[in-house]
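This report concerns only the one structure given below.
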Amino acid sequence: MNEKGMSAFSFQNEAWQRFSNGYSGMVVAPTGFGKTYSIFLAVIIDFFNHPQNYKSGLKLIWVTPLRSLAKDLARAMQEAIDEIGLDWVVEVRNGDTDFKQKMRQTKNMPDILLVTPESLHLLLAQKEHQRFFKNLQCVAIDEWHELLSTKRGVMVELALAALKFENSKIKIWGITATIGNLDQALEVLIPDATKRTKVVAKEQKKIEILSVYPPEVEILPWAGHLGGKLVQEVVPIILNSKSTLIFTNTRSQSEMWYQLLLEAYPDFAGQIALHHSSIDANLRQWVEENLSSGLLKAVVSTSSLDLGVDFKPVDTVIQIGSSKGVARFMQRAGRSGHSPFETSKIYFVPTHSLELIEASALKEAVRLRIIEHREPFVLAFDVLVQFLVTLALGGGFYPDQFFPVIKNTYAFSEMTKDEWKWCIYFITQGGKTGKNYEEFHKVVPQVDGKLIVEKRKIGMLHRMNIGAIVSDSMLRVKFLSGGYVGMIEEYFISKLHKGDKFILAGRVLEYAMLKEMTVYVKSSSGKAITPSWLGGRLPLSSNLSFFLRKKLAESLSPNAREKELRFLHPLLANQNKFSHIPKEDEFLVEQIKTREGYHLFFYPFEGRLVHEVMAGLLAYRISKLYPISFSMAMNDYGFELFSDREIKLSEKDLHQILSKENLMQDVISSVNATEMARRKFRDIAVISGMVVQTMPGRQVNNKSLQSSSGIIFSVLEDYDPENLLLRQAYTEVFNQQLEEARFVRAFERISTSKIVYIFSDRFTPLSFPIKVDSLRQSLSSEDLATRIRKMQENNLKKKSRKE
DNA sequence: GACCTGCTGCGGCGTG
């Protein structure tokens with residue numbers, strides 16, 4: 001604020017004025033513009049304007065998705081309050097808070113409390129929690145866009161509904177970065193339309209995107225995703241900056257880049273560090289602190305540093321490989337540039353040639369500010385039944401009284417009365433199959449109809465398992481001499497023998513033994529393998545897909561002035577010469593005959609996930625025309641159906657298999673939906689409390705988690721097919737795994753496109769990366785190298801024959 | 001000439 005008491009940006013004034021007028025709402029602004037501060041300030045100003053509303057006890061609850069954000073924020077808030085001379089106390093309450101502190105808070109709440117969604121639920125699980133919220137004025141939800149499309153977002157919705165039920169005066173304020181569906185985000189957060197407002201900053205952060213090029217186009221590989229060839233171009237960028245964040249897409253990629261940088265410039269030793277989710281929390285914290293203190297020159301990270309560096313600005317950001325989405329790219333870019341008026345600079349390092357088209361697509365999407373939607377999660381019954389037990393534990397509730405409260409949330413607005421009754425049946429009787437098992441009868445109706453948890457043990461187990469995050473299957477990695485390094489996948493370690501060396505957290509470790517879910521290691525040096533983790537796949541967003549197709553279509557036009565496209569010209573000309581470059585209203589299919597057999601390539605540019613389903617569907621549809629089976633491969637741009645038998649497919653057949661008729665029926669016939677649902681059910685079983693993940697003193701390991709949830713799944717399939725949680729598993733498969741909506745849209749687009757069907761006897765720049773990917777899945781790396789060499793030789797031979 | 005893959009996040013035993 002300046003001396004007149006006005007804030008730097010008009011949206012900040014707008015926010016506190018609306019706040020003081022009794023509105024709930026949502027503030028939208030880029031990182032670094034003080035949107036967080038604006039709500040904090042609104043509460044303080046409101047206090048001075050309406051002191052009679054502010055009685056003793058908790059006044060403001062601040063919800064953040066990250067514990068690390070809470071700590072910095074609490075400090076900043078307390079400092080500001082002390083400066084004003086107010087006697088308010090700001091405290092954090094989450095998993096990091098020690099027991100004594102929690103006890104003190106339970107007795108005597110601070111004025112402002114910073115929590116996670118989980119710890120807010122834990123507060124609601126306490127008896128007589130109403131006393132905490134009696135004088136509460138406002139609940140602020142920070143980084144709402146991060147929570148919106150997740151089950152943790154549903155937790156927030158439910159907690160807010162319960163708080164509003166107890167104290168209707170509470171104002172709800174969300175704080176969010178820009179996303180495509182802001183109005184919907186507001187509606188989800190504040191379903192009640194009266195006195196609801198959206199405050200959007202007019203200011204935008206300027207973003208400059210700089211592609212990094214090799215000296216010549218030939219150096220960039222056609223396929224691949226490591227990008228190691230460009231390390232010599234990256235070193236000077238780091239050297240010319242004070243502090244640099246280097247974002248990679250996967251944990252193993254970050255480990256490899258850390259090594260690459262050290263090899264390319266050994267003086268980086270001690271000046272650069274690594275940060276990802278499988279590295280020990282203490283080590284990560286050290287890295288974060290030393291990045292802001294200036295001790296570290298660069299940190300290689302995954303999206304573990306997407307959030308949480310608000311107070312630790314850096315001057316340069318480098319993105320290795322495609323970010324797969326516009327919002328993520330902008331968020332990462334926003335990590336650089338100290339002041340809101342400074343331009344955020346982000347260097348884009350392509351890992352293969354075609355990724356330069358993604359760079360040009362990103363540039364246009366960022367210029368037009370076309371940012372992805374975040375779809376709100378709806379009808380997560382696993383989260384609901386967990387929450388109902390939480391309420392029963394926190395003093396109890398009357399089902400008839402609470403039905404409209406839950407129904408009023410966005411997530412459960414479509415819930416029927418029968419579904420609600422089923423949820424009550426589930427928490428009291430365990431559903432149809434739980435009748436004879438007392439541990440599923442968690443909640444007991446009292447004479448007056450109130451539902452409560454009676455048993456102490458059930459309450460304790462429930463509190464220990466509150467939350468919507470189900471842990472991955474990981475083993476701890478520890479030094480024999482003591483000291484924790486990080487986490488590693490069980491299957492990766494199973495391939496290792498005593499004495500083998502691997503890399504974690506940038507250190508070379510020698511495998512000593514495996515004992516009780518812990519891998520013991522010795523410090524070592526020399527050549528070592530980099531582990532891989534089975535994490536989630538970053539799907540290519542449909543926004544980026546759209547611009548990617550557009551840029552590719554324009555790539556050879558004389559108007560294409562972008563440097564990225566000009567640079568790629570030789571490669572694109574090659575694609576055009578031997579096959580075709582699809583225009584925006586075209587859909588390219590290539591049939592390529594090689595010594596191995598027959599390859600059919602399709603290029604929807606819809607991302608791996610969608611392609612996986614499409615490949616299965618098309619293989620199924622072709623096999624209905626005549627008996628043939630295929631192996632499949634895919635990347636973000638397209639997919640391959642391969643057979644050693646000739647693929648007889650006319651242009652008319654092609655139209656038929658690409659038709660949108662009976663689309664979802666055929667998808668269901670072509671995928672193993674039961675198996676997919678079984679995998680989804682694992683999380684649902686844990687969240688709904690059918691399977692207990694954490695027992696006092698121990699964590700249930702993944703194998704037994706998988707098997708017990710698998711057994712329950714089979715039992716329900718046989719004896720209780722109407723079970724709501726079982727049905728939810730199938731719905732999640734369709735919404736997330738199969739991305740039904742996007743899938744249907746893709747087919748609608750294809751069906752109105754002109755199909756271009758090309759025959760070739762050599763791999764094209766578009767098909768080559770998919771082929772390499774398919775080989776990698778089936779072959780060891782030495783075999784792969786030989787095969788790739790053969791493929792090159794074949795392509796070259798054909799080339800010389802033609803010329 | 002072309003290779004080395006899959007993200008993130010939370011919580012909890014115990015007392016007065």
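Letters go in sequence order (proteins before strands), and every chain restarts at 1.
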Determine the contact category for [X]: base if any of its heavy atoms lies under 4.0 Å from a base atom, sugar-phosphate if only primed atoms, P, OP1 or OP2 are that close, otherwise nothing.
{"X": "A/Leu538", "value": "base"}
{"X": "A/Lys229", "value": "sugar-phosphate"}
{"X": "A/Asn465", "value": "nothing"}
{"X": "A/Thr150", "value": "nothing"}
{"X": "A/Leu147", "value": "nothing"}

Starting from [atom2] on [N], measure out to [atom1] on [X] and report it in whole angstrom.
{"X": "A/Lys102", "N": "B/dG12", "atom1": "NZ", "atom2": "C1'", "result": "8 Å"}
{"X": "A/Met155", "N": "B/dG9", "atom1": "CE", "atom2": "C1'", "result": "12 Å"}
{"X": "A/Asn249", "N": "B/dC4", "atom1": "CG", "atom2": "P", "result": "14 Å"}
{"X": "A/Asp98", "N": "B/dT15", "atom1": "CG", "atom2": "P", "result": "16 Å"}
{"X": "A/Gln259", "N": "B/dT5", "atom1": "CD", "atom2": "P", "result": "15 Å"}
{"X": "A/Gln386", "N": "B/dG11", "atom1": "CD", "atom2": "C1'", "result": "10 Å"}
{"X": "A/Ile458", "N": "B/dC13", "atom1": "CD1", "atom2": "P", "result": "16 Å"}
{"X": "A/Leu540", "N": "B/dC7", "atom1": "CG", "atom2": "P", "result": "17 Å"}

Output yes when at least one side-chain N/O atom of [X] is less than 4.0 Å from OP1 or OP2 of [N], else no.
{"X": "A/Ser277", "N": "B/dT8", "result": "yes"}
{"X": "A/Arg67", "N": "B/dC10", "result": "yes"}
{"X": "A/Thr116", "N": "B/dG11", "result": "yes"}
{"X": "A/Ser532", "N": "B/dG6", "result": "yes"}
{"X": "A/Thr106", "N": "B/dG16", "result": "no"}
{"X": "A/Lys324", "N": "B/dG6", "result": "no"}
{"X": "A/Arg284", "N": "B/dG9", "result": "yes"}
{"X": "A/Arg251", "N": "B/dC7", "result": "yes"}
{"X": "A/Arg104", "N": "B/dG16", "result": "no"}
{"X": "A/Ser353", "N": "B/dA2", "result": "no"}

Task: Cationic tip of A/Lys495 above A/Phe502 ring, under 6.0 Å, 45° of axis - done: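 Verdict for A/Phe502: no cation-pi partner in A/Lys495.
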Open item on the list: So does A/Phe763 get a backbone contact from the side chain of A/Ser767, meaning a donor-acceptor N/O pair under 3.5 Å?
Closed with: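 No, because the side chain of A/Ser767 does not come within donor-acceptor range (under 3.5 Å) of the backbone of A/Phe763.
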Choosing from [options], which nucleotide comes nearest the side chain of [X]?
{"X": "A/Leu571", "options": "B/dG11, B/dG1, B/dC10", "value": "B/dG1"}
{"X": "A/Thr250", "options": "B/dG12, B/dG9, B/dT5", "value": "B/dT5"}
{"X": "A/Ser304", "options": "B/dT8, B/dC10, B/dG14", "value": "B/dT8"}
{"X": "A/Phe99", "options": "B/dG12, B/dG6, B/dT15", "value": "B/dT15"}

Task: Test item: A/Glu91 and A/Met109 side chains (from C-beta on) under 4.5 Å apart, heavy atoms - done: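 Side chain of A/Glu91 against side chain of A/Met109, heavy atoms only: no contact under 4.5 Å found.
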Task: Closest-nucleotide ordering on DNA chain B, the 5'-leading residue of A/Asn635 and A/Leu220 - done: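 Per heavy-atom nearest nucleotide, the more 5' residue is A/Leu220.
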Open item on the list: Let me spell it out: for each of A/Asp636 and A/Arg456, pick the nucleotide of DNA chain B with the closest heavy atom. Which residue's pick is nearer the 5' end?
Closed with: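 Per heavy-atom nearest nucleotide, the more 5' residue is A/Asp636.
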Task: A/His276-B/dC7 aromatic stacking (under 5.5 Å, under 30°) - done: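 No, A/His276 does not stack on the base of B/dC7.
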Open item on the list: If stacking means aromatic ring centre less than 5.5 angstrom from the base's six-membered ring centre, planes under 30°, is A/Trp222 stacked on B/dG1?
Closed with: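 A/Trp222 ring does not meet the centre or angle cut-off for B/dG1; no stack.
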Task: salt_bridge(A/Lys71, A/Asp96) N-O dist < 4.0 Å - done: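 No.
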- [ ] Considering only NZ, NE, NH1 and NH2 on the basic side and carboxylate oxygens on the acidic side, decide whether A/Glu732 and A/Lys151 come within less than 4.0 Å.
- [x]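 Judged by the 4.0 Å cut-off on N to carboxylate O distance, A/Glu732 and A/Lys151 do form a salt bridge.
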Open item on the list: I'd like to know whether A/Thr764 forms a side chain to side chain donor-acceptor pair (under 3.5 Å) with A/Glu590, so could you lay out the CA-CA distance, the side-chain angles of the two residues, the decisive distance to 0.1 Å, and finally the verdict.
Closed with: CA-CA 9 Å; A/Thr764 58; A/Glu590 294 174 336; 2.9 Å; yes
Open item on the list: Tell me if the side-chain of A/Ser303 makes a donor-acceptor pair with the base of B/dC7, cut-off 3.5 Å, by modelled atom types.
Closed with: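 Yes, a donor-acceptor pair under 3.5 Å.
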TODO: Look up atom CG in A/Leu120 and atom CD1 in A/Ile141, then write down how far apart they are to the nearest 0.5 Å.
DONE: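 That separation rounds to 7.5 Å.
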